[in-house]
Amino acid sequence: MKNDVLSELAETLESRKNAAPDSSYVASLYDKGLDEILKKIGEEATEVVIAAKSGEKTAIIHETADLWFHTLVMLAQQGLSPDDILSELGRRFGMSGLEEKASRKK
């Protein structure tokens, strides 16, 4: 079910690319461009840090959901999908973080 949510959200985000900016929040973000989307990701990342520092689990969940949402908007804007990220995470699974970082330098 959880991957279904990502897939359904990705489809919705994709459908909003050609929508009128005043028809949805996502369409308005696309219309404002990459810089505005990245600004939202930065804001949400900061809010995740603040929520985590507070230790309030509900706030952590809500702010992380906002961060993931805006990151998914950015991925869609860049022609990428959650599957691209899940594939990369799958590639890294079972590999140490040090090994993975070293593999990018080659």
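Both backbone and side-chain heavy atoms feed into the values below; hydrogens, waters and symmetry mates do not. When a residue number appears, it is its place in the shown sequence, counting from 1.
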**Prompt:** Passes side chain to side chain contact (heavy atoms under 4.5 Å, CB included), R16 versus L29? Steps please.
**Reply:** CA-CA 10 Å; R16 302 283 162 81; L29 281 177; over 6 Å; no
**Request:** Kindly indicate, with the supporting measurements, whether the criterion side chain to side chain contact (heavy atoms under 4.5 Å, CB included) is fulfilled by L6 and L72.
**Result:** CA-CA 9 Å; L6 282 177; L72 289 169; 3.9 Å; yes
**Request:** Carefully, step by step, assess I61 and T58 under the rule side chain to side chain contact (heavy atoms under 4.5 Å, CB included).
**Result:** CA-CA 5 Å; I61 291 167; T58 300; 5.7 Å; no
**Request:** List the steps, then state whether side chain to side chain contact (heavy atoms under 4.5 Å, CB included) holds for Y25 with F69.
**Result:** CA-CA 12 Å; Y25 173 69; F69 175 82; 4.1 Å; yes
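The CG atom of L67 sits 9.5 Å away from the OG1 atom of T46 when rounded to the nearest 0.5 Å. Note: L80 CG to I85 CD1 = 6.5 Å, rounded to the nearest 0.5 Å. The distance from the CD atom of E63 to the CD atom of E43 is 11.0 Å, given to the nearest 0.5 Å.
For the pair L34/Q78, a side-chain contact is recorded, criterion being any heavy-atom separation below 4.5 Å from C-beta on. With a 4.5 Å cut-off on side-chain heavy atoms, H70 and I37 do not count as touching.
In the hydrophobic clustering of this structure, I60 does not group with W68; members are Ile, Leu, Val, Met, Phe, Trp, Tyr whose side-chain heavy atoms approach within less than 4.5 Å, directly or through other members.
Evaluation of the salt bridge (Lys or Arg N to Asp or Glu O under 4.0 Å) rule for K32 yields no partner, not counting sequence neighbours.
Shortest non-hydrogen contact noted between Y30 and E14 is OH-N, 4.4 Å. Here the closest non-hydrogen pair linking D84 and S81 is OD2-N, 2.8 Å. Across all their heavy atoms, S28 and P21 have their closest contact at CB-O, 3.4 Å. Between A76 and K17, the shortest heavy-atom distance links the atoms O-NZ, 2.6 Å.
The closest donor-acceptor contact from the side chain of S54 to the backbone of A51 lies under 3.5 Å. Without hydrogens or angle criteria, S23 side chain to A20 main chain gives a donor-acceptor distance under 3.5 Å.
Between K40 and E36, none of the side-chain N atoms (NZ, or NE/NH1/NH2) sits under 4.0 Å from a carboxylate O, so this pair counts as no salt bridge.
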